[in-house]
Number of protein chains: 2
Amino acid sequence: MQEPETIRILAVDDHEMTTLGYKFILEDYSFDGHTIHMDTAKTFAEGEHLIRDSVRKLPYHILLLDIQLSNSRNGPVETGEDLGIIAREVSPGTRVVFMSSFSDNYRINSIMQTVDPEGYMVKSEIDEGSLRAMVKTVMTQPPYYTQKALMAIRKKMANRINLDENDKQILYHLSIGTKTKDMVNHISLSLPSIENRKRQIKSLFGIEKQNDQALIAEARERGFL
Amino acid sequence: MQEPETIRILAVDDHEMTTLGYKFILEDYSFDGHTIHMDTAKTFAEGEHLIRDSVRKLPYHILLLDIQLSNSRNGPVETGEDLGIIAREVSPGTRVVFMSSFSDNYRINSIMQTVDPEGYMVKSEIDEGSLRAMVKTVMTQPPYYTQKALMAIRKKMANRINLDENDKQILYHLSIGTKTKDMVNHISLSLPSIENRKRQIKSLFGIEKQNDQALIAEARERGFL
DNA sequence: AACAAAACCATAAATATTTTATGGTTTTTT
DNA sequence: AAAAAACCATAAAATATTTATGGTTTTGTT
């Protein structure tokens, strides 16, 4: 049994009201004698700075990361996912929890593989009870996933078809509207190969001779998108 | 909003005390005006019969299946997983929940793919509260997984390596002690191929030049076993 | 409706990958 | 110490994938 101590949490979200909400709810909560202290950050840079800074003093116990963060005007697109990856590197003992507006499979799958967070909450499902349950679960016996995240995860797990990276890229690009003939610029395959693979995937999905829209729909149904 | 009605549940487990426990706890529970009626079965055959029979009258809302069932003396090995597969066929509207003593990854992965159950509970985690929560969740917004099941699922999801069926078979047979040279009898590959694949997998796992024990350990670590 | 663009399809040659047979060395087991 | 199994390497054979090419069909735009 560990000593009761103050649990330090950092929430990063560009909507200040959101992080404030977390702060009010959680600083008013305690379990097993622990109390909670929350810091907040509004941007990727600020969040990164606080994380790096904390490592040399007292690392955060938990990080609550929004996935979409306002990107600094010029630099590359920086997401909460990237921040999670950085956090894993510099502060490996810190539990990472994503707070996402989305419950789409592609994003959840991606984050589960790149960061493997201790928690994933879909924002529409966050309330006092779930927030507190999340903190407790993540501190004692992770993971914590909200119901919609679970539903996406279940879909993925139920899937016996495994597509390789190229296939997944093709599906992803289709889903964001990239034209097939333009995919050669993003994927290192020739056009006929991409066409072939699309046909193969359709066949695997049992939707031979149907068009791309059907492919996207089926990929979504099967948890790839 | 659906009319409150009696929720019909069938529990199949060869330990009668277990199903009785479920029955006492759940028939004493109600939510949203629903009451619960439980049937129980002690064997695969009995369970199968009750399921098939129910379809022509009132199908069960929920099936609670133990994974290990006493096999009838002569026939092939019949598991709760097989019963789940049958149930999916004959009674597709019925929610299936597995109650397993094990939380090993291989079994959970397998069941998630063959049956894709609405729930998975590790027996050591079952109590009044979780049982009731399971029923409610499964009826309203599946899935319901207990914490240990979730931990196995998380491991699997975090894994970016995808092995094909042959690779998985090799790992499985290794884990149950099949000798490499005997695997040719179970997997349609030549001995050098199996050796090759073992080497490849070790390489993927980052454990080149190590022995089978290390391979098994790593496969377990990564959620394949 | 007519045109252009993109998607879709089929074939065969070129490449790449995987499997297998073979013959050996090393490690483990008894 | 002997036997069994695991492990390794090589090259030929078998498979699978990619690609170039040239076409047809569908979709979208005007």
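We name chains A, B, ... by the order of the sequence lines, and we start the count at 1 in each one.
Nucleic acid contact class of A:Leu189 (heavy atoms, under 4.0 Å, all strands): sugar-phosphate only. B:Thr180 comes within contact range of the sugar-phosphate backbone alone, with a heavy-atom separation under 4.0 Å but no base atom that close. B:Asn196 comes within contact range of at least one nucleobase, with a heavy-atom separation under 4.0 Å.
Look at CD1 on B:Ile187: it is 16 Å from C1' on C:dT18, rounded to the nearest Å. In this entry the distance linking NZ of B:Lys179 with P of D:dA4 reads 11 Å, nearest Å. Rounding to whole angstrom units, CG of residue A:Asp212 and C1' of D:dT27 are separated by 11 Å. In this entry the distance linking NZ of B:Lys181 with P of D:dA3 reads 16 Å, nearest Å. Between the CG atom of B:Asn185 and the P atom of D:dA5 there is a distance of 12 Å, rounded to whole Å. Rounded to whole Å, atom P of D:dC7 lies 15 Å from atom CD of B:Gln200. The separation between B:Gln213 atom CD and C:dT28 atom P is 10 Å, rounded to whole Å. Distance, B:Arg199 CZ to C:dT18 P: 14 Å, rounded to whole Å.
The side chain of B:Ser193 sits closest to C:dT19 out of C:dT19, D:dA20, C:dT22. With D:dC7, D:dT19, C:dC8 as the choices, the nucleotide that has an atom nearest any side-chain atom of A:Pro192 turns out to be D:dT19.
Checking the phosphate oxygens (OP1, OP2) of C:dC8, a side-chain nitrogen or oxygen of A:Lys202 falls inside 4.0 Å.
Mapping A:Glu195 and A:Asp164 onto DNA chain D by nearest heavy atom places A:Asp164 at the nucleotide closer to the 5' end.
Taking the charged nitrogens against the carboxylate oxygens, A:Asp212 and A:Lys202 do have a contact shorter than 4.0 Å, which makes a salt bridge. A salt bridge does not link B:Asp66 to B:Lys42: none of the charged side-chain nitrogens sits closer than 4.0 Å to a carboxylate oxygen.
In this structure, B:Thr79 contributes its side chain and B:Ile67 its backbone to no donor-acceptor pair below 3.5 Å. The backbone N or O of B:Val115 sits less than 3.5 Å from a side-chain atom of B:Arg88, completing a donor-acceptor pair.
Looking only at atom types and distance, the side chain of B:Lys123 has no donor-acceptor partner in the side chain of B:Ser100 under 3.5 Å away.
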